[in-house]
There are 2 protein chains.
Amino acid sequence: MGMTIKDIAKKCGVGVSTVSRALNNHPDINPETKKMILKTVEESNFVPNNSARNLKRTDSKSIAILVKEIDNPFFATMMRVMEKKIRKQKYSFFIQHMGKDQDEVDTALELIKEKKLRGIIFLGGDFRKNKERIAKIKVPFVVSTSAFDKLPEKCIASYVSIDDRAESRKIVDHLCETGHKKIAILASDKKDENIGKLRLEGYREALKAHGLEVDEERICYLDEEDTTYSMENGYRMMKKLLKKETEFTAVFAISDLMVIGACKALLEEGKRIPEDVAVAGFDGLDYTGFYQPAITTMAQPVEEIARQSVGILFDMIETKKSKEGKYLPATLKERESTTGGRRKWKQD
Amino acid sequence: MGMTIKDIAKKCGVGVSTVSRALNNHPDINPETKKMILKTVEESNFVPNNSARNLKRTDSKSIAILVKEIDNPFFATMMRVMEKKIRKQKYSFFIQHMGKDQDEVDTALELIKEKKLRGIIFLGGDFRKNKERIAKIKVPFVVSTSAFDKLPEKCIASYVSIDDRAESRKIVDHLCETGHKKIAILASDKKDENIGKLRLEGYREALKAHGLEVDEERICYLDEEDTTYSMENGYRMMKKLLKKETEFTAVFAISDLMVIGACKALLEEGKRIPEDVAVAGFDGLDYTGFYQPAITTMAQPVEEIARQSVGILFDMIETKKSKEGKYLPATLKERESTTGGRRKWKQD
DNA sequence: TTGTACGCGTTATCAG
DNA sequence: CTGATAACGCGTACAA
């Protein structure tokens, strides 16, 4: 089963080191013998054993992307952008997924040792806890899409993300400014300590800034048993809200997926968007623009986050120093679901 | 930087094999020394080197999922289901992505050697070509979501997929049966030899079966420079079709993503769905059900494909024999975009 | 129950 | 330019 470098050496009548040189594009080797060796390699179905390679190698020139939440709809785009940029730097790289319950630090640590990584990019995952454990990661890494409150010391680290609280506040501002005074929110679960919490805080801030009181009845939390930001959950939450007959003239969902479900529920109940209820989401997923009516949302600068994450990582690899974390601006897409084509709807 | 098993041994004043035994839950070790060792391991930030492990190991009890097209919207679900089922079998596993230009066979071969895999599941990727090269894969594998014309000999292999041609035909049948005679299609690019081609063939067959002639003017091909099944592309294609003023009373898009874009284009032009144009997609993405109007689609049995893929793989690992490839039935979701609540629309 | 010593497949270091 | 040989870190016979 296992063809090894030794077998190839024997077949070619050369030493193993010569084969190794041929395989790894080493300079000091006779082009002819190299050609000959590579040919027999091809014919022999020889596949080098990466474990042995990594074990011996000291310098790898490779980085890994560790993806936590597969569900996240814009990770696909980010991964594509990152791949391109990393390849351009002549680095090898690979993408690996982690299960929901897999620990990000542990797998990172393993991977670093196994592959002799130069750096890591984390996509998703929660880095607000685990602070001491994170310190164990000794290669540069950047957290993409989520931020640290403060960078872990003793690490070479950074983050690239949007400022969830501020951007959330802005989109709720927008709702206020179009005249709404009774704004409901589809939030994440009560225990959430991550971006869901931040977006809810942004909502609260915006209301206060506009002199509106926060009516807890208008805050719909995600069920703690199923905390995914899904259309289904958005639908359910909105149905429930409608049943309560709490008054509201606008809804802000902290995720575009949820907002789609919410729209379905509203339309089913005969509500018009935005005439009866204005609607806004968050994230900037493509299909909010394709929905009828087009849905207002806060668009994450997905490609820019990806690009800068890679940029910063290479920077840190070179300087061996942490870089300041970066908040990139999201852009408010004002669309029909809140403006209805006009600038203001509610003006009571 | 590198704590090794030797260092731990020294620290504990024991031999390396004892440490190894503690780490790998071997039975013949004194519980106390084991406890002691594990404690120092914890304190020392020791991380075992997987490369060295894999190099030595012969039996791995692990399988890999190789994902090719990140874009595919239901891969996330599939991966989740697979993970669960594999874990239940006490196998370790991991998911790895491949770039667009990365060769699936090569990476598989490397991984098999590196990790001593027992089996592989391929998600996406094209296995209709490369037939001889595939034969090099000596561990059982199943191709999920795409089918072989015939199973590669000398391999332990199988596939689980829907019958794209037949299911495509069925949904176009549905359009015919609701009275449509002028049915357009948003197809993939002309050079496509994969599922896109099959779905187009299904369309042709359905029309013929209903005594309708295939008007090439009603076949819209994806641009060869950007062959992704995206909303954006669906939108563009539909705009173009509308400009041509080719007559049609129904559209079938070979992907749900494209159908969303198409709907946008139709609604923008003031067409009503389904009164003016009936609309159908393919894949069964959640989103179609939440759209207004809800869109008729052919739903892939995503979870079942995932489940059976894993099942078959374990089966092959055990028996060491290929299993017959499997076509799983898709289910037609008749929704408002074609029925409008009634059973038939066009009846001329 | 424990420790010693060897080998897994490569690459790196030398001496030729 | 090439070939022997020593690591790389770990698992595992085998001996104790």
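Per chain, numbering begins at 1; letters A, B, ... match sequence-line order. Only heavy atoms go into these numbers, but all of them, side chains included; no hydrogens, no water, no symmetry mates.
- Counting only residues at least two apart or in different chains, salt bridge (charged side-chain N to carboxylate O under 4.0 Å, His left out) contacts with residues 316-326 of chain B comprise B/Asp315-B/Lys323.
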Throw together a table of side-chain donor-acceptor distances under 3.5 angstrom for residues 114-121 of chain B, partners on residues two or more places apart or in other chains.
| residue | atom | partner | partner atom | Å |
| --- | --- | --- | --- | --- |
| B/Glu114 | OE1 | A/Asn50 | ND2 | 3.1 |
| B/Glu114 | OE2 | A/Lys115 | NZ | 2.9 |
| B/Lys115 | NZ | A/Glu114 | OE2 | 3.0 |
| B/Lys116 | NZ | B/Asn54 | O | 2.6 |
| B/Lys116 | NZ | B/Arg57 | O | 3.2 |
| B/Arg118 | NE | B/Asp59 | OD1 | 3.2 |
| B/Arg118 | NH1 | B/Tyr91 | OH | 2.5 |
| B/Arg118 | NH2 | B/Asp59 | OD1 | 2.3 |
| B/Arg118 | NH2 | B/Asp59 | OD2 | 3.3 |

Review point. Where along nucleotides 6-11 of chain D does protein come under 4.0 Å, by heavy atom, of base (B) or sugar-phosphate alone (S), with - for untouched nucleotides?
Key: -BBBBB
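- Comparing the axis of the opening five pairs of the helix from C/dT1-D/dA16 to C/dG16-D/dC1 with that of the closing five pairs yields an angle of 40°, rounded to 10°.
- Between the CD1 atom of A/Ile37 and the P atom of D/dC1 there is a distance of 13 Å, rounded to whole Å.
- Interface limits on DNA chain C: the 5'-most and 3'-most nucleotides within less than 4.0 Å of chain A heavy atoms are C/dG9 to C/dA12.
- Evaluation of the side-chain hydrogen bond (donor to acceptor under 3.5 Å, both in side chains) rule for B/Ser144 yields B/Ser309 as partners, not counting sequence neighbours.
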Side-chain donor-acceptor pairs of residues 14-29 of chain B under 3.5 Å, sequence neighbours excluded:
| residue | atom | partner | partner atom | Å |
| --- | --- | --- | --- | --- |
| B/Ser17 | OG | B/Arg21 | NH2 | 3.4 |
| B/Ser20 | OG | B/Asn24 | ND2 | 3.4 |
| B/Asn24 | OD1 | B/Arg53 | NH2 | 3.3 |
| B/Asn24 | ND2 | B/Ser20 | O | 2.8 |
| B/Asn25 | OD1 | B/Lys34 | NZ | 3.1 |

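- To the nearest angstrom, C1' of D/dC14 lies 11 Å from CZ of B/Arg21.
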Practice item. Could you go through the side chain to side chain contact (heavy atoms under 4.5 Å, CB included) check for A/Cys12 and A/Thr40 one step at a time? Key: CA-CA 7 Å; A/Cys12 298; A/Thr40 23; 3.0 Å; yes
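- Counting non-hydrogen atoms under 4.0 angstrom, A/Thr33 reaches the backbone sugars and phosphates but no base.
- Taking B/Arg133 as the reference, B/Asp103, B/Val105, B/Asp106, B/Asn130 meet the side-chain contact (heavy atoms from CB on, under 4.5 Å) condition, with sequence neighbours excluded.
- Using a 4.0 Å heavy-atom distance criterion, B/Asn30 is classed as a sugar-phosphate-only contact.
- Residue pairs that meet the ring-ring contact (aromatic ring centres under 6.0 Å, His included) test with at least one member in residues 93-118 of chain B, sequence neighbours left out, are A/His97-B/His97.
- Not a single side-chain hydrogen bond (donor to acceptor under 3.5 Å, both in side chains) links B/Ser92 to another residue, sequence neighbours left out.
- Partners of B/Asp226 by side-chain contact (heavy atoms from CB on, under 4.5 Å), not counting sequence neighbours, listed by chain and number: B/Thr228, B/Asn233, B/Arg236.
- Taking A/Lys11 as the reference, A/Met3, A/Ser44 meet the side-chain contact (heavy atoms from CB on, under 4.5 Å) condition, with sequence neighbours excluded.
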